[in-house]
Amino acid sequence: MPRAFSDMLVVSHVEGKGNGVLTKKSLGAGVEVFREDPVVYVSGKRNVCDCCLVECDDCKRCTACKQVWYCNRKCQRAAWNVHKLECRYLQNVPSSPPGEQPHQSFRFIGRCLVLSESQGHGGVLPELADMATHLAEYKQSSEVVSSLMFVLTKYFGGRLPLDQDVIISTAAKLACNSMSICNAEMQSIGSALYPQISKINHSCDPNCVIIFAGKTACLRAVQPVAADEELTICYIDLLQTLEDRQAQLKMQYHFTCQCSVCAGADESDRRRKANTIRVVSDDAVAVYHAEDSHGNFGTGVSDCDAVAALANAKKFLRGAGSSLGENSPHRCQVLNVASDRCCDLQLFRESLHFALKTLPCYGLYYGRHHPLHAVQLMRIAKLHLALDDLRGGVDFSLQALTMLRLTHGESHPLVSDAMAMYHGAREEYERQHR
């Protein structure tokens, strides 16, 4: 029987998928559907506050466990009701190297366990009770389970406070129902459990996206949705071949996607396959080993690391990468590495050269209504302006602004930044060409 969880949405059976979320009324593209705060969440980076999830360069860490960071004393006090439950356990884990945190997944599971215990739920959060587990499939990953139990045993001081089966069941549910929290540029900064959003099914051509305002998840429609139509989001990065997408969905979420793209109804996916040659080479491995932060604009890695990563990326693009079509996601990922590292070295012209070459792939895989495509366009606009190319800055900032209004909404700070960039570049361009 359908179950409503908002005035607009209902959980109902969807043919071939089990349950899904349907809208009761039609939605236009660019509409915010609803917001949800997480039941539990953790930050995933040293420069991200574990309370408000604001990114800051001078976060202060807890002086007891030395494993969790806060932007100020106010946030530390606000987070203490939850952190006090885990602080003594985190002290059993060796202090992380500068700039790193304990492995995000085990810390997330540990927080869920201690939080549920403190609430008298016996290690199982009530919100997890009705969620899919795929427990049998999860247990098949014996190395993952063994590693998890080893780390959690150490975390809890040598003795697990809960039955092992309860812990494994919780971990299995979190593995396929939790999601990454992302910043405005869609870079992961933490993990969270959103009970309502977890009910929304996947599609490789989703009609909705999720944007974050701190820890709050905002579901936005990016395509028109008819009344009684299912809402869908994308669980994975779409910049992958059909085979890679299917493999990741099967491994992590234990289903085979049958959306129109994967089922072959979309001609663009056949073009992707025809223009993509999978290449695994020493050059490619070197690129990915040298690169530690895909997609970050100005990541601040040392000049030595940036030089080495850029050299490896160029070597790949001249060698094995040269045989790949412009629609190859593997080539596109290396182009992003090259562009990012050029940016670190302030080689903005080269960075722009590589970034522009990613656009055919972004257009084909992400389409015109994906946050990552919008962020890439804004990045390219910034590079044009860094080179004093006002015309390029105007063109690409307008493209970015148009897409961001759809994906992020008018009130989002990134939209304000894009608008200021566009108007500033346009006014200066017009002033110079009077």
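Side chains are part of it too, since the values below use all heavy atoms of this structure and drop only hydrogens, waters and symmetry mates. Because the structure is predicted, anything quoted here is derived from the model rather than measured.
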J.: From L387 CG over to L385 CG, what is the distance, rounded to the nearest 0.5 angstrom?
T.: 9.0 Å

J.: Just verifying a value: how many Å separate L148 CG and F106 CZ, rounded to the nearest 0.5 Å?
T.: 9.5 Å

J.: Taking only residues two or more places apart in sequence or in another chain, which ones pass ring-ring contact (aromatic ring centres under 6.0 Å, His included) with Y253?
T.: Y235

J.: Heavy-atom count around E143 CD within 6.0 Å, excluding the residue itself: above 12?
T.: no

J.: Does CZ belonging to R391 count more than 12 external heavy atoms closer than 6.0 Å?
T.: yes

J.: When you measure from the side chain of Y89 to the backbone N and O of K154, does any donor-acceptor pair fall under 3.5 Å?
T.: no

J.: Checking side-chain contact (heavy atoms from CB on, under 4.5 Å) for the pair K60/C71: CA distance, chi angles, key distance, verdict?
T.: CA-CA 6 Å; K60 304 297 188 294; C71 62; over 6 Å; no

J.: Within the distance-only criterion (no hydrogens, no angle test), does the side chain of Y155 pair as donor or acceptor with the backbone N or O of M149 below 3.5 angstrom?
T.: no

J.: Specify the closest pair of heavy atoms between C218 and E32, including all atoms of both residues, with the distance to one decimal.
T.: CB-OE1, 4.2 Å

J.: Salt bridge check: are K17 and E230 linked by an N-O gap of less than 4.0 Å?
T.: yes

J.: Just by modelled atom types, is the C257 backbone N or O under 3.5 Å from a matching donor or acceptor in the Q246 side chain?
T.: yes

J.: So, do L372 and D237 sit near enough that their side-chain heavy atoms are less than 4.5 Å apart?
T.: yes

J.: What I want to check is whether the side chains of Q376 and N336 have a donor and an acceptor closer together than 3.5 Å.
T.: yes

J.: Sequence neighbours excluded and cut-off under 3.5 Å, please list the side-chain donor-acceptor pairs for residues 416-427, or say none.
T.:
| unit_1 | atom_1 | unit_2 | atom_2 | d |
| --- | --- | --- | --- | --- |
| Y422 | OH | R426 | NH1 | 2.9 |
| R426 | NE | E430 | OE2 | 3.0 |

J.: Enter the distance from D205:CG to L238:CG here, rounded to the nearest 0.5 Å.
T.: 8.5 Å

J.: Is R61 close enough and on-axis enough to Y70, meaning under 6.0 Å and within 45°, for cation-pi?
T.: no

J.: Any chance you could measure M131, atom CE, to T133, atom OG1, to the nearest 0.5 Å?
T.: 12.0 Å

J.: Taking the side chain as every heavy atom from C-beta outward, state whether N72 and C75 have any pair of such atoms under 4.5 Å apart.
T.: yes

J.: Using the rule side-chain hydrogen bond (donor to acceptor under 3.5 Å, both in side chains), only one of Q91, R111, Q67 pairs with E86; which is it?
T.: R111

J.: Is any side-chain heavy atom of L231 closer than 4.5 Å to one of L27?
T.: yes

J.: Please determine whether a side-chain nitrogen of the Lys or Arg among R349 and D389 lies less than 4.0 Å from a carboxylate oxygen of the Asp or Glu.
T.: no

J.: Quick one: do I181 and S188 satisfy side-chain contact (heavy atoms from CB on, under 4.5 Å)? Show the steps, please.
T.: CA-CA 6 Å; I181 300 177; S188 177; over 6 Å; no

J.: Testing the 3.5 Å rule here: is there a donor-acceptor pair between the side chains of T232 and N201?
T.: no

J.: Output yes when a side-chain donor or acceptor of S141 lies under 3.5 Å from a complementary backbone atom of V144, and no otherwise.
T.: no

J.: Looking only at atom types and distance, does a side-chain atom of K173 sit under 3.5 Å from a main-chain N or O of L128, one as donor and one as acceptor?
T.: yes

J.: Would the number of heavy atoms belonging to other residues, nucleotides or ligands and lying under 6.0 Å from CD of Q346 be above 12?
T.: no

J.: When rounded to the nearest 0.5 angstrom, what is the spacing between SG in C234 and CZ in R245?
T.: 8.0 Å

J.: Test your reading of the model: is there a side-chain donor-acceptor pair from K215 to the backbone of A213, 3.5 Å cut-off?
T.: no

J.: Decide yes or no for I233 and C208: does some side-chain heavy atom of the first lie under 4.5 Å from some side-chain heavy atom of the second?
T.: yes

J.: Are the side chains of C332 and E326 in contact, using a 4.5 Å heavy-atom criterion?
T.: no

J.: Would you say the side-chain atoms of S146 pair up with the backbone N or O of S142, donor to acceptor, closer than 3.5 Å?
T.: yes

J.: I'd like to know if the side chain of D50 reaches the main chain of S43, judged simply by a donor and an acceptor atom lying under 3.5 Å from each other, with no hydrogens or angles considered.
T.: yes

J.: Got a donor-acceptor contact below 3.5 angstrom from the Q223 side chain to the P206 backbone?
T.: yes

J.: Answer yes or no: is there a donor N or O on one side and an acceptor on the other, between the side chain of S198 and the main chain of P195, under 3.5 Å?
T.: yes

J.: Holding to ring-ring contact (aromatic ring centres under 6.0 Å, His included), I want the full list of residues that pass it with H134, two or more places apart in sequence or in another chain.
T.: H254

J.: For residues H370 and T407, determine if any side-chain heavy atom of one lies less than 4.5 Å from a side-chain heavy atom of the other.
T.: no

J.: Measuring from atom OG1 of T170 to atom CD1 of I109, what distance do you get when rounded to the nearest 0.5 angstrom?
T.: 8.5 Å

J.: S339 and R379: side-chain donor and acceptor closer than 3.5 Å?
T.: yes

J.: With a 4.0 Å cut-off, would you call E350 and R341 a salt bridge?
T.: no

